[in-house]
Amino acid sequence: MKIATYNVNGINGRLAVLLRWLKEAKPDVVCLQELKCPDQLFPEAALLKAGYHSIWHGQKSWNGVAVLSKEEIKETRRNLDGDPDDLHSRYIEGFVYGMVIGCLYLPNGNPAPGPKFDYKLSWFKRLHKHAKKLLSFDLPVLLIGDYNVIPTELDTYKSEKYITNALFFPESRLAYTKLLKLGWTDAIRYLHPNERIYTFYDYLRNAYGRDAGLRLDHFLLNDIVLPRLISAQVDKEVRGWEKSSDHCPVWIELKQ
DNA sequence: ATGACCTGTCCTACAGGA
């Protein structure tokens, strides 16, 4: 069972890249972020043709999340509780293959400090609350997506460049650590505790060519899934494809 | 310190991204 996450940075503008990667990587489940399309423009038919059912929560121009699956998936939730004024499409959750899959796109938060950073932290708090609730389920649960958090120095090519950045601010990293302490495991770090692993490369300054990346896309697993974890990998070469997203597809493999 | 680059959008210039 291969479960992936991919911040596509515009699903229609990059549909060819997504379809090519799906064909080559053959994941069973995929969490997508930054669809940047309204619900009615989600490419459901093209994905079905490629062998994937979808649930999606789009938005015009910005944000947007979806879960693709080879088996039909049942949507269990969209959005987090706690702020009825928040209109960003950043969370969708589904049930498939006996697992609960939460797909999220956490706010970037720059410039920090400021209102955007406040929004990031308040969104984090709402996620924290929901993550706690998910841990009460007697089911395999995964919280997957673009967390927009560089958890430690090891997750950036040059941490001093990110001191004033919302992705690396102490509050952001602390919120992430607090989430883990609830009872979640960062799957990539669990399997590769000391390795530099990046999932994002800026379009600027030839970041990909210089291997100047960040690890922003994370898989959080509850204790019921964790014993099934076999491997984790970044499909780094996809970042080098024509018209690629600035994020790489990332995946984990589970037993069964 | 700045800008280099991408997306989508009813003002080919902007906002937002990380």
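Protein chains get the first letters and strands the later ones, always in sequence-line order, with residue 1 at the start of each.
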Sticking with atom [atom1], work out how far [N] lies from [M], rounded to a whole angstrom.
N       : M       : atom1 : answer
dA18(B) : dG3(B)  : C1'   : 15 Å
dA15(B) : dC10(B) : P     : 15 Å
dC6(B)  : dT2(B)  : P     : 22 Å
dG16(B) : dC11(B) : P     : 15 Å
dA1(B)  : dC14(B) : P     : 24 Å
dA4(B)  : dT9(B)  : P     : 24 Å

Touch check for [X], heavy atoms < 4.0 angstrom, all strands: base, sugar-phosphate only, or nothing?
X         : answer
Lys161(A) : nothing
Tyr162(A) : nothing
His247(A) : sugar-phosphate
Tyr208(A) : nothing
Asn206(A) : nothing
Asp202(A) : nothing
Asn63(A)  : nothing
Leu214(A) : sugar-phosphate
Lys120(A) : nothing

| task | Using distance alone, with no hydrogens and no angle criterion, decide if Ser231(A) and Glu253(A) have a side-chain donor and acceptor under 3.5 Å apart. | result | yes
Throw together a table of side-chain donor-acceptor distances under 3.5 angstrom for residues 205-214 of chain A, partners on residues two or more places apart or in other chains.
{"from": "Asn206(A)", "atom 1": "OD1", "to": "Gly209(A)", "atom 2": "N", "distance (Å)": "3.3"}
{"from": "Tyr208(A)", "atom 1": "OH", "to": "Lys236(A)", "atom 2": "O", "distance (Å)": "3.0"}
{"from": "Arg210(A)", "atom 1": "NE", "to": "Arg205(A)", "atom 2": "O", "distance (Å)": "2.8"}
{"from": "Arg210(A)", "atom 1": "NH2", "to": "Arg205(A)", "atom 2": "O", "distance (Å)": "3.3"}
{"from": "Asp211(A)", "atom 1": "OD1", "to": "Tyr201(A)", "atom 2": "OH", "distance (Å)": "2.9"}
{"from": "Asp211(A)", "atom 1": "OD1", "to": "Lys236(A)", "atom 2": "NZ", "distance (Å)": "3.1"}

| query | Just by modelled atom types, is the Asn7(A) backbone N or O under 3.5 Å from a matching donor or acceptor in the Ser245(A) side chain? | reply | yes
| query | Can you tell me if Glu34(A) uses its side chain to pair, donor with acceptor, with the backbone of Val8(A) under 3.5 Å? | reply | no
| said: If the condition is ring pair (Phe, Tyr, Trp, His ring centres under 6.0 Å), which residues does Trp184(A) pass it with, not counting sequence neighbours? | reply: none
| Set of side-chain contact (heavy atoms from CB on, under 4.5 Å) partners for Glu195(A), sequence neighbours left out | His192(A), Ile197(A)
| note | Stems for DNA chain B (at least 3 consecutive Watson-Crick or G-U pairs, under 3.5 Å) come to B:5-9 with B:13-17
| Boundaries of the chain A footprint along DNA chain B (any atom under 4.0 Å from a heavy atom) | dG3(B) to dA18(B)
| task | Treat each ILVMFWY residue as a node, draw an edge where side-chain heavy atoms are under 4.5 Å apart, and state whether Tyr52(A) and Met1(A) are in one component. | result | no
| field | Residue pairs, two or more places apart or on separate chains, that pass salt bridge (charged side-chain N to carboxylate O under 4.0 Å, His left out) and touch residues 93-111 of chain A | value | none
| query | For the side-chain contact (heavy atoms from CB on, under 4.5 Å) test, which of Asp217(A), Asp146(A), Asp155(A) pairs with Thr199(A)? | reply | Asp217(A)
| Check: Tyr105(A) ring centroid to His88(A) ring centroid under 6.0 Å | no
